[in-house]
Amino acid sequence: MTFGKGHHLHLIDGSAFIFRAYHALPPLTRKSDGLPVGAVAGFCNMLFRYVENNKGPDAPTHVAVIFDHSSKTFRNEIYPLYKAQRPEPPEDLRPQFPLTREATRAFNIACIETEGFEADDIIAALSCKARDAGGSVTILSSDKDLMQLVGDGVEMLDPMKNKRIGRDEVFEKFGVYPERVVDVQALAGDSIDNVPGAPGIGIKTAALLIQEYGDLESLLARAGEIKQPKRRAAIEENAEQIRISKRLVALDCNTPLTFSLEDLEVRLPVADDLLGFLNRMEFRTLTTRVAASLKVEPPPAPTAAVLRNEGVPEIVEQVEAALPFDSASYACIRDAEALAAWIARIRDLGHVAIDTETTSLDEMRAELVGISLCVEAGAACYIPLGHRAGGGDLFGASELVADQMPLGLALSMLKPVLEDESILKIGQNMKYDAKILARHGIRVAPIDDTMLMSYAMHAGRHGHGMDELCDTYLGHKPIAIKTLLGSGKSQITFDRVPVEQAVCYAAEDADVTFRLWKLFKPQLHRARVTTVYETLERPLVPVLAEMEMAGVQVDRDTLSRMSNAFAQKMAGLEAEIHALAGGPFNVGSPKQLGEILFEKMGLPGGQKGKNGAWGTGADVLEDLAAEGHDLPARVLDWRQLSKLKSTYTDALQEHIHPETGRVHTSYSIAGANTGRLASTDPNLQNIPVRSEEGRRIREAFVAPPGKLLVSLDYSQIELRILAHIADIPALKQAFREGHDIHAMTASEMFNVPLEGMDPMIRRQAKAINFGVIYGISGFGLARNLRIPRADAQGFIDRYFERFPGIRGYMDETIAFAKANGHVETLFGRRINTPEINAKGPGAGFARRAAINAPIQGTAADVIRRAMIRMPKAIRGMPATMLLQVHDELLFEVEEEAADALIERVREVMEGAADPAVKLTVPLTVEAGRGLNWAAAH
DNA sequence: GGGCTCACG
DNA sequence: GACGTACGTGAGCCCG
């Protein structure tokens, strides 16, 4: 049949699949002869998954996998340097190229490559041809060079993210629609493919220019009109180079084809061919899997070796992770006999993935509704325990639905397993489940946590939530909780979800967790982060769980009184503000305030932001207030009170637990990229302290009768770490001798004596010290100190002159990040820096973040080490660790034991780097105590 | 739901 | 002459 309307062509970017597979998998070899086959294995998994996922009514009618033939193409005649700096493919990948072609043919999918052309050219020609014939096209690739083809029935699909790329997505990426993408690419160039472009012009700028001038030729013709001289020169002087670049990136619909679209019609795999190939490759598990899918007997293994029993575990894991998900296969456990069978299986295997379903995300209030277990990929079950009938009476109470195990019985059966030292419990964000189970008297141990594994390997690359990990690494979108619970006002709690639905959702979560674990466990080692995971991530889980469950006592009356006082003051201020403005308006609306200040009142110095709104930040208002304007001064006061009231005195009261009378925050271990913790619900890491008025909120954080709050914090820990890492003798000596580090810096920089130093000079040195930690810039320092930029730059220059090691540290860190795509802390924590080679303003952000990360991250590692050692160190003392605020730990302790506690904790904190890292500066800890947090700090 | 503003280290 | 910039977070509010 002639290809035409109603037909749908899939074009698979084969080369991208291969490289993806190669880098995603460990270097596997064929058992019988050592032939490298890792990439082939991954490639086959991807093809199998593709075939399985494309069977329904929406299935394509035509499909082809397109490969690059060789590295030399017609583009090298246009520009000899094109892709010239591209490294040769790795030694163990090269022999796998022909095998991937063979694999494609084994799947009975058209396999296409043409001498002298890139895969992209063939994809372009096929897309055009199919589109012109009236069919639709999906290109399975995430290659930006193909985005110019999108539109008119042609779309792309990123196969890893399962994300559709249409015209709008292209616009998002390039700032122009597909037909102008080549213009933008021609201007921006591409350092990876060696497309020269215009120097200093990145995608952002190129898009702006094309948007303004319409297209590339108009831009080149009117280049003289460009206002910014640098850009103008870059374009005027490189016009020819830009035109060449355009020819390099433009894909040609007329690339010759030696076959017709009809040749690409979808064909079913021929069982003998496909199984024969897979078997020859010795992909045992995949062979079995494919045979099952084709409903034929798997062929006997070619050798006696059965991979599962004889090692090469990774390949089994990879293949297992890729098995299709089947929610119909999940079991629902309703009686002790069935549960006993699963427990026996768990004991046999020595591990289990577990997930709890509850009525709330707040572990301190959540009620347990069910538990899911998974013992191997696809083998999962759900135990409903607390599901209730839909409606309920007036008070929301309702009966448990029938046919559920009694909660107590299930837990008493599971407890010995969950507490068994020889059985590994695997979870995604185990702190949550551990806390839920702890409330039922179960101490889960030992554990592994897939969220933390991902964090140890991929911090900075992407988030570590289960849905995202599953989609990214298993190519599967798990059932969204929203589909069960709904959202907004009509949202229900999990106990109201029908058991049948709950089984599919909950068991799948355990299944996903198990598969992620299978995948991540061997990868940790290859990423060299096993130690980080095992010493800085995993052991923190029980420590934080204890702290969160302990909570901190907060006095409701104190907060309530403060709220009332704030409300009164605010009302007064509001009246004054309205009077000054000559009419009422919403003081809390930056938009309205900006209009009042800069339009109605016509005050000077107003600046509009990028979306047309007047800036009304504190710095702007402070400047206005300093010029004697009353209204902005009052607004500043009002804002401070409003913040304190809504975020603290009001909101904190809501967080006091009805039974414990305490506030239980939750720390996310994998929240901040640098290794810091983040505190949520409520955030207890940003309780005011800098202003006198705000600091009083800390008076509401109290010690119970007979006890004291004790606070210990590291003094200048980040500067000390900088002094150590950058190896600055003067700084290190100052820290060893206990000098005032900022005064010392000022003395060194400005040649002034320490005695009788001007506080302003010291303040400037302090700002520079902090700036260095943040990846200093003249602009930033100038803004912070409110001095001219040239002066700020002068300070920085002098600083680098005096402490050349700092410069060295910065340069080396950037170079390391560029070469490796990540930076590291002293303890080996890895912070990925995917944007480090970006062009444009993003580059600055990435560079400063890369400079900051090892310093902030090392400090975070140090306090993590201290916290992990703390339970043992203070065992037997009448004391509890309550809170962490980045460089501070807060404890509650019986009065008489405060001295002993401080001594013990200080010892642990000051020695926390030992013995893994021998710091060449001392860490010192300052301690305070009192009846409330304000007094203890 | 994004942007603004502001609290902390 | 002004692409834009100090690093890392979370929460509450306004507004479309």
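A, B, ... follow the sequence lines: proteins, then strands. Residue 1 opens every chain. Since we're looking at a predicted model, the values are computed, not measured.
- Contact annotation: side chain of A:R690 to base of B:dG9, donor-acceptor pair present below 3.5 Å.
- Within the 4.0 angstrom heavy-atom criterion, only backbone atoms of the sugar-phosphate kind lie near A:G588; the bases stay farther away.
- Base pairing of B:dG9: its partner is C:dC7, meeting the Watson-Crick or G-U wobble criterion (both donor-acceptor distances under 3.5 Å).
- Closest contact between the side chain of A:F845 and the listed nucleotides C:dT9, C:dG8, C:dT5 involves C:dT5.
- Atom pair A:I855:CD1 and C:dC7:C1' shows a separation of 9 Å (rounding to whole Å applied).
- The pair A:R847-A:E835 does not meet the salt-bridge criterion, since no charged nitrogen lies less than 4.0 angstrom from a carboxylate oxygen.
- Taking the side chain of A:T647 as heavy atoms from C-beta on, and the options C:dG12, C:dG16, B:dC6, the nearest nucleotide is C:dG12.
- Within 4.0 Å (heavy atoms only), A:R789 reaches at least one base atom of the nucleic acid.
- Between A:R848 and C:dC7, a side-chain N or O to OP1/OP2 separation shorter than 4.0 Å is present.
- Closest to the A:N683 side chain, of the nucleotides B:dG9, B:dA7, C:dG10, is C:dG10.
- Within the 4.0 angstrom heavy-atom criterion, no nucleotide atom of any strand lies near A:A853.
- Put simply, OH on A:Y667 is 21 Å from P on C:dG8, counting in whole angstrom units.
- The nearest whole Å value for the distance from the CG atom in A:N769 to the P atom in B:dG9 is 18 Å.
- Put simply, CD1 on A:I687 is 11 Å from P on C:dA11, counting in whole angstrom units.
- When heavy atoms are screened at a 4.0 angstrom cut-off, A:A859 is found touching no nucleic acid atom at all.
- Comparing C:dA6, B:dA7, B:dG9 by their nearest atom to the side chain of A:R783 picks out C:dA6.
- Closest approach to the A:P590 side chain among B:dT5, C:dG8, B:dC8 is made by B:dT5 (side chain taken as heavy atoms from C-beta onward).
- Separation of the A:H886 and A:Y714 ring centroids does not fall under the 6.0 Å cut-off.
- Within the nucleic acid shown, A:D887 comes within 4.0 Å of sugar-phosphate atoms alone, with no base atom in reach, counting heavy atoms only.
- Atom P of B:dG3 sits at a distance of 14 Å from the matching atom of C:dT5, rounded to the whole Å.
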Determine, step by step, whether A:R830 and A:H458 satisfy the side-chain contact (heavy atoms from CB on, under 4.5 Å) criterion, reporting the C-alpha distance in whole Å, the side-chain angles of both residues, the deciding distance to 0.1 Å, and the verdict. CA-CA 8 Å; A:R830 199 180 260 232; A:H458 304 303; over 6 Å; no
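- More than 12 heavy atoms of other shown residues, nucleotides or ligands fall within 6.0 angstrom of atom CZ in A:R906.
- Residue A:T205 is out of contact with every strand shown, counting any heavy-atom pair closer than 4.0 Å.
- In this model, the phosphate group of B:dT5 is approached by a side-chain N or O of A:T616 to a distance below 4.0 Å at OP1 or OP2.
- Along DNA chain C, the nucleotide closest to A:L781 and the one closest to A:N673 are compared, and the more 5′ of them pairs with A:L781.
- Side chain to side chain, A:D555 and A:T558 meet the donor-acceptor criterion of an N or O pair below 3.5 Å.
- Among the heavy atoms of the strands, none lies under 4.0 Å from A:A850.
- Residue A:Q856 places its side chain closer to C:dC7 than to any other of C:dA6, C:dC15, C:dC7.
- Among C:dA6, C:dC13, B:dA7, the nucleotide with an atom closest to any side-chain atom of A:P688 is B:dA7.
- One cannot find a donor-acceptor pair under 3.5 Å joining the base of C:dT5 and the side-chain atoms of A:R847.
- Residue A:N686 is classed as a base contact, given a heavy-atom separation below 4.0 Å to a base.
- For A:T680, the listed nucleotide lying nearest its side chain is C:dG10; candidates were C:dC13, C:dG10, C:dC7.
- Ranking B:dC6, B:dG9, C:dA6 by closeness to the A:A767 side chain, first place goes to C:dA6.
- Looking at heavy-atom distances under 4.0 Å, A:G617 makes contact with sugar-phosphate atoms alone, never a base.
- Using modelled atom types and a 3.5 Å distance limit, the side chains of A:N673 and A:Y455 yield no donor-acceptor pair.
- In this entry the distance linking CD of A:Q640 with C1' of C:dA11 reads 17 Å, nearest Å.
- The cationic atom of A:R848 (NZ for Lys, CZ for Arg) lies less than 6.0 Å from the six-membered ring centre of A:F845 and within 45° of the ring axis.
- Among the atoms of the strands shown, only primed sugar atoms or phosphate atoms (P, OP1, OP2) are found under 4.0 Å from some heavy atom of A:S679.
- If A:G200 and A:I796 are placed on DNA chain C by their nearest nucleotide, the residue sitting closer to the 5' end is A:G200.
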Step by step, work out the ring-ring contact (aromatic ring centres under 6.0 Å, His included) result for A:F795 and A:Y799. CA-CA 6 Å; A:F795 287 172; A:Y799 187 93; over 10 Å; no
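- Look at the C1' atom in both C:dG4 and B:dC8: the space between them is 25 Å, to the nearest Å.
- Counting any heavy atom pair closer than 4.0 Å across all strands shown, A:I776 reaches a base atom.
- Rounding to whole angstrom units, CZ of residue A:F779 and C1' of C:dA2 are separated by 10 Å.
- Residue-level contact check: A:Q592 touches the backbone only, with heavy atoms under 4.0 Å from sugar-phosphate atoms and none from bases.
- We find that CD1 of A:I806 is positioned 21 Å from P of C:dA6, with the value rounded to whole Å.
- Dashed line: the shortest gap from a side-chain N or O of A:S589 to OP1 or OP2 of C:dC15 is under 4.0 Å.
- Taking 4.0 Å as the cut-off between side-chain N and carboxylate O, A:E693 and A:K569 count as a salt-bridged pair.
- A:I863 has its CD1 atom 14 Å from the C1' atom of B:dC8, to the nearest Å.
- Closest to the side chain of A:N586, out of C:dC15, B:dG9, B:dT5, is C:dC15.
- Below the 3.5 angstrom threshold, one finds a donor paired with an acceptor across the side chain of A:K643 and the base of B:dC6.
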